[in-house]
Each structure stands twice: as C-alpha cells, then as structure tokens.
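Here is the naming used below: chain letters follow the sequence lines, and residue numbers restart at 1 for every chain.
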Amino acid sequence: MGGLLDSLPGEQRRLLRTARPGAELAARPMLATLSDRRDFSGDDDWVFERKLDGVRLLAVRDGERATVFSRSGRRLDDTYPEIVRALADQPRTDFTVDGEVVAFRRGRTDFGRLQQRMGLTRPEDIEAAGVAVTYYVFDLLRLEGADLTRLPLRTRKSLLRRALTYRPPLRMTPHRNEGGAELLAASCDRGWEGLIAKRADADYQPRRSRDWLKLKCSRGQEFVVGGFTEPAGSRVGLGALLIGYHQGGQLRYAGKVGTGFDRRSLLSLRARLDGLRVPDQPFGGRVAEPGARWVRPELVAQVDFTEWTRDGMLRHPRYLGLRDDKKPGDVVRERAAG
DNA sequence: TTCCGACAGTGGGGTCGCAAT
DNA sequence: ATTGCGACCCCACTATCGGAA
C-alpha cells in the first residue's frame, strides 16, 4: 500500500506539507457561497457536483481507528457507526476525507428522513429508526502523512478515487467537468436541490469561499399574509410574517418567513399591517403561534424556499417582496407535496 | 477606495432529550 | 401524558468592521 503520492508531478509534490491526523479539524470545513451564476462557459474551469441534502461529515482514519466529526467539530462516531466501520475497514490507514451523510427516500436524498437518525446514538434506537445512511465523500485532505489541501481540486479528487474502496455505505460523489447550466436545469426538473460548482484548480480552504458556489433550484411562489409576530432584541418592525394559501375554500397556514427584510422594509411592512389588524386569525384550522398578531388577508408576499416539509410548512423561507399585482384570492399552492 | 471574509444577531422547520407542568 | 425549552442539524438574511486587494 501507499505510494499514491509518488505519482504526483514535482510541482504538486512541493505543495504537500506534513500533517498530523486530525490536525485539519482544528480548522473548519470548506463551505460554498450561494450564487446566482448560471453561465459557466467562460475560460475558468469548474467541477459540478449534485447538491446533497444531508449533513456534513469529516472522517479521520488514524491507524486502526476511524472517527467522524460534524461541521462544528462534534464527534459523531456513535451516531453513524456503520460509516465508522466502513472507514475502519479500508486498506489504507492514514487519511482524512470530507463528505456528506444522506438518507434516501424514493430515490432522492431526504433531509427529513435523515433527521430521524441525527440525534440517535444507542444502537437499539438506530436499529429501530430503520434509516439507512450513505456517506458521499467528495474531498481528500490528508493521505500518507501529507496535508493535501494545497493541491488543486482535480488532483485531490483523482487521489480520492484511488485511495478508498467504495462499498455501501461509502460512495464517492460523482462529478462532471462541464455542462453546468444544463446539469442544473436537469437537476431542478427532477426536483433536486441544486448543484455545487467548484473551481477545478482551487485549493481546500477551511472557510466559506467563492471557489465553491452553491447553485440552488428556487421554489418560490406568492403567499397571503395573515399575521405577524412582534420583533425581538434589536429587531425592528416585526419578527416574521405568518403566511398561507387558499385551498378548499379556506386560508391554509404554511408557516412563517422571518428573513430577507432590511430595516426599511420591516418598518414599512409594519405600518401597512397595523392598518389591517383584526382580532381573529384568518387561517382555517388552529394556528398555534403564541403572541401572533392577525391581519385581514389582503397582502401578497413573494417568498422563496427550498421545499415543503412533511407537515406542509416551508423549509428555508426568505421574503423577497410584496406583490401588489396579485389578488390574495388567487394564491394557491403551486407544487404538489414532496 | 473598494471589496471580501468573518462575526454577531435575528428569523425559519424539524428532531431528540429532559425538565416542568 | 403533555408541554416547553435548549441543543443540534439544516438554513436564510442584514449590518458591521477590519484587513486585503
């Protein structure tokens, strides 16, 4: 075993530094920056990966031992024992990899399903949950005693492919070298989350970087504003808008949106909402939001979000603005569940 | 001078575990 | 038995500040 690094050209070998196992974990994982960029036809060289909807996991193999860490540095060995086992069974005994743990439902990565595993550490609880996980690795930070983070991404990926043996629950994240725009369109059609675009020649930086771009499929639509919450702390105007849509002759609650505002929009929204105040909630069914203020459902807000949760609430909602061109009565749910 | 990255603060849904009711 | 809370996960965004470009 070993000798993978001997195949590197001299100028890349000079980028290597010695690394103690786990030393890179004192730093943080490299994070992607949210981007609207869609044109990747320029001179710069990018690698595209499917955006996986799970939790980040860094794994360290040091001799006989394998250990996994969350993004914040928490040890998760008891949470994902089958991943630790898969890493401990690898022929190579000296590496650090970066990747994402996911759970599948109906062929798609499903964060909600993974959540049923995330907090569990007792083997019998994990067994009872019945949620199989897969560890998609996409980067190699350390190998054969060397810190690889200064090497270009393509080289790290090439080494990663050869360094590990891929059997469930361990997989290498597939990537493509071109066609980013087409790939993103196809991903969104399938109802996936989006893509991560990574600069092919970039090093691994333990922070949020523009060398990794998060390209998200947007699932925005209009919602009727039926109430709001009071601001807290240094916040002004309001905390969040309570929003919904029409279905079956009533206004159905779809959750809250509490980000995307600046000071001006918070204050002007509050002024308009105060003119619409009513004592009773306009939503059908009971909405349990302590301290909520209710308004006549006359304002229509444009809201972006990633997906509907199982309970029919919005995940990762953000406010984009008011739609004065839309009638509240026309606002319905635009996508089916899931 | 302008831009970028890091941090703090405020907001979201959901899960689990634990304490209070 | 139910409810509430905090701690984690995922995340959104604004505002600010200091240093790099």
Side-chain angles (χ1 to χ4, degrees), chain A residues 27-36 51-58 68-76 78-80 100-103 105 109-122 124-126 128-129 131 133 193-194 196 205-220 223 225 227-244 253-267 269-270 287-292 301-321 337:
Chain A
R28 304 161 72 82
M30 184 160 173
L31 303 174
T33 302
L34 186 62
S35 169
D36 292 327
K51 185 179 181 319
L52 298 167
D53 195 12
V55 301
R56 194 71 174 270
L57 198 71
L58 290 120
V68 295
F69 296 89
S70 78
R71 195 170 97 174
S72 56
R74 245 165 47 99
R75 281 185 66 155
L76 296 177
D78 295 336
T79 306
Y80 304 112
E100 184 101 353
V101 186
V102 302
R105 180 160 56 188
T109 62
D110 188 314
F111 184 75
R113 191 161 162 71
L114 181 66
Q115 270 184 309
Q116 293 160 19
R117 264 288 299 262
M118 273 173 12
L120 306 181
T121 54
R122 294 210 307 266
E124 58 269 32
D125 290 344
I126 292 172
V131 178
V133 296
E193 255 208 291
I196 304 289
Q205 306 145 34
R207 59 173 176 276
R208 198 171 296 280
S209 164
R210 281 180 161 68
D211 289 336
W212 286 10
L213 298 180
K214 195 188 317 184
L215 313 176
K216 300 195 74 164
C217 303
S218 164
R219 291 182 219 295
F223 289 93
V225 180
F228 63 93
T229 58
E230 292 291 341
S234 59
R235 181 75 163 229
V236 298
L238 56 90
L241 298 176
L242 283 65
I243 57 178
Y253 184 56
K256 292 179 280 192
V257 54
T259 192
F261 317 98
D262 55 20
R263 267 201 196 92
R264 251 185 71 214
S265 61
L266 283 169
L267 292 170
L269 265 173
R270 179 58 187 259
V287 176
E289 293 294 349
Q302 183 75 28
V303 174
D304 242 4
F305 59 100
T306 53
E307 64 181 354
W308 293 92
T309 70
R310 198 174 40 180
D311 298 335
M313 297 290 131
L314 304 180
R315 183 162 171 235
H316 304 153
R318 59 264 190 209
Y319 171 85
L320 298 181

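- At the phosphate of dG9(B), neither OP1 nor OP2 sits under 4.0 Å from any side-chain N or O atom of Arg235(A).
- Within the 4.0 Å cut-off from OP1 or OP2 of dT15(B), at least one side-chain nitrogen or oxygen of Arg310(A) is found.
- Here dG14(B) presents its P atom at 12 Å from CZ of Arg105(A), a figure rounded to the nearest Å.
- Whole-Å rounding puts the Leu120(A) CG to dG14(B) C1' distance at 14 Å.
- Defining each end axis of the helix from dA8(B)-dT14(C) to dT21(B)-dA1(C) as the rotation carrying four pairs' C1' atoms onto the next four, with five pairs an end, the two axes are found to diverge by 30° to 10 degrees.
- Partners of Arg270(A) according to the salt bridge (Lys or Arg N to Asp or Glu O under 4.0 Å) rule, which considers only residues two or more places apart in sequence or in another chain, are Glu230(A), Asp274(A).
- Glu307(A) has its CD atom 13 Å from the C1' atom of dG12(B), to the nearest Å.
- Rounded to an integer number of Å, the gap from CZ of Arg207(A) to P of dG5(B) is 8 Å.
- Partners of Phe261(A) by ring-ring contact (aromatic ring centres under 6.0 Å, His included), not counting sequence neighbours, listed by chain and number: Tyr319(A).
- Residue Ser234(A) places its side chain closer to dG9(B) than to any other of dG9(B), dG12(B), dC4(B).
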Legend entry - Summary of protein contacts for nucleotides 4-14 of chain C, nucleotide by nucleotide, where a base hit scores B, a sugar-phosphate-only hit scores S (4.0 Å, heavy atoms): ----SSBSBBS
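- Listed by chain and number, the residues in a salt bridge (Lys or Arg N to Asp or Glu O under 4.0 Å) with Arg315(A) are Asp53(A), Glu307(A) (sequence neighbours excluded).
- Look at CG on Asp110(A): it is 11 Å from P on dT15(B), rounded to the nearest Å.
- In this structure, CG of Leu31(A) is placed 11 Å from P of dC7(B), rounded to the nearest angstrom.
- Sequence order on DNA chain B of the closest nucleotides to Glu289(A) and Ser209(A) puts Ser209(A) first from the 5' end.
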Quick test: give all pairs of protein nitrogen or oxygen and nucleotides 18-21 of chain C nitrogen or oxygen below 3.5 Å, distance rounded to 0.1 Å.
none

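- Rounded to a whole Å, the CG atom of Asp78(A) is 16 Å from the C1' atom of dG17(B).
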